[in-house]
Amino acid sequence: MAELILFHHAQGLTPGVHALAEDLRAAGHRVTVPDLYDGATFTDLAVGVAHAEAIGMETVIERGEAAAAGLPDRAVYMGMSLGALPAQKLAQTRPGALAAILVHGGTETRWFGGTWPAEVALQVHLADPDDWTEREEAETLVAEAAGELFLYPGSAHLFTDRSLGDYDEGPAAQVLRRALALLSRWP
């Protein structure tokens, strides 16, 4: 069983984010799902991104770090789009991190102060194409971390959130299977 923290995307802590957490729990993992927006959710991605920008990306990341403070050091950090930022920072900088699973996001390691720790596993899952992500940055991250990059056909950014119109069951199921395969390293 892995200890995992799942950070939501820019539309907030939606029913689809909770559903993904339940899928991970059903596989036997302990999952914490913090609310980085203090209860706010948005039906439109651009409005959610504007909200994140208004409170500040640093604030979003700091809220993620605060949410992880009570977790054991040996944890897996998973983030969806916006949530990939605190997940990546914690995986890259918090001692004891086991892995990062970044869905719909990921950036170069330089944004969080340096190199990727060799002992921390990495998966990045992106739609291809996706106007909301910087694929080149994700590719650089994966190369720096010797991680895995998975590309899914289609252009729907939040295709793993079953409560949104972008949801795509086939690719979403693949993301879950691949994430669970990585999590099986820590029974």
[X] and [Y] ion-paired at < 4.0 Å:
| X | Y | value |
| --- | --- | --- |
| Lys89 | Glu65 | yes |
| Arg135 | Asp130 | no |
| Arg162 | Asp23 | yes |
| Asp38 | Arg63 | yes |

Measure from the ring center of Tyr152 to the ring center of Phe159 and say whether it is less than 6.0 Å.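 Ring-ring flag for Tyr152/Phe159: true, centres closer than 6.0 Å.
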
Any chance you could measure [X], atom [atom1], to [Y], atom [atom2], to the nearest 0.5 Å?
| X | Y | atom1 | atom2 | answer |
| --- | --- | --- | --- | --- |
| Ile101 | Gln88 | CD1 | CD | 13.5 Å |
| Thr41 | His9 | OG1 | NE2 | 10.0 Å |
| Leu183 | Leu24 | CG | CG | 6.5 Å |

Exceeds 12 heavy-atom contacts within 6.0 angstrom, atom [atom1] of [X]:
| X | atom1 | answer |
| --- | --- | --- |
| Glu169 | CD | no |
| Arg30 | CZ | no |
| Glu144 | CD | yes |

Please say yes or no: joined through hydrophobic side-chain contacts below 4.5 Å, possibly via intermediate residues, are [X] and [Y] part of one cluster?
| X | Y | result |
| --- | --- | --- |
| Ile5 | Trp186 | no |
| Leu182 | Trp116 | no |
| Phe42 | Leu85 | yes |
| Leu102 | Trp132 | no |
| Leu164 | Leu45 | yes |

Taking side chain as C-beta onward, heavy atoms only, is His51 less than 4.5 Å from Leu82?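 SC-SC contact between His51 and Leu82 ruled out.
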
Between [X] (side chain only) and [Y] (backbone N and O only), is there a donor and an acceptor less than 3.5 Å apart?
| X | Y | value |
| --- | --- | --- |
| His29 | Val31 | no |
| Thr133 | Gly105 | no |
| Tyr77 | Phe7 | no |
| Gln11 | Thr43 | yes |
| His8 | Leu36 | yes |
| Ser163 | Gly16 | yes |
| Arg94 | Ala75 | no |
| Glu148 | Val124 | no |

Compute whether any side-chain donor of one residue and acceptor of the other, for Asp131 and His157, lie under 3.5 angstrom apart.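 There is no such pair between these side chains.
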
Shortest non-hydrogen contact from Thr107 to Phe112?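 Closest pair (atom of Thr107, atom of Phe112, distance): CG2-CE1, 3.8 Å.
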
Leu98 and Glu119: CA distance, side-chain angles, deciding distance, side-chain contact (heavy atoms from CB on, under 4.5 Å) verdict: CA-CA 7 Å; Leu98 298 172; Glu119 69 279 5; over 6 Å; no

By the definition side-chain contact (heavy atoms from CB on, under 4.5 Å), identify the one residue from His125, Met80, His104, Gln123 that meets it with Val175.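 Single side-chain contact (heavy atoms from CB on, under 4.5 Å) partner of Val175 among His125, Met80, His104, Gln123: His125.
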
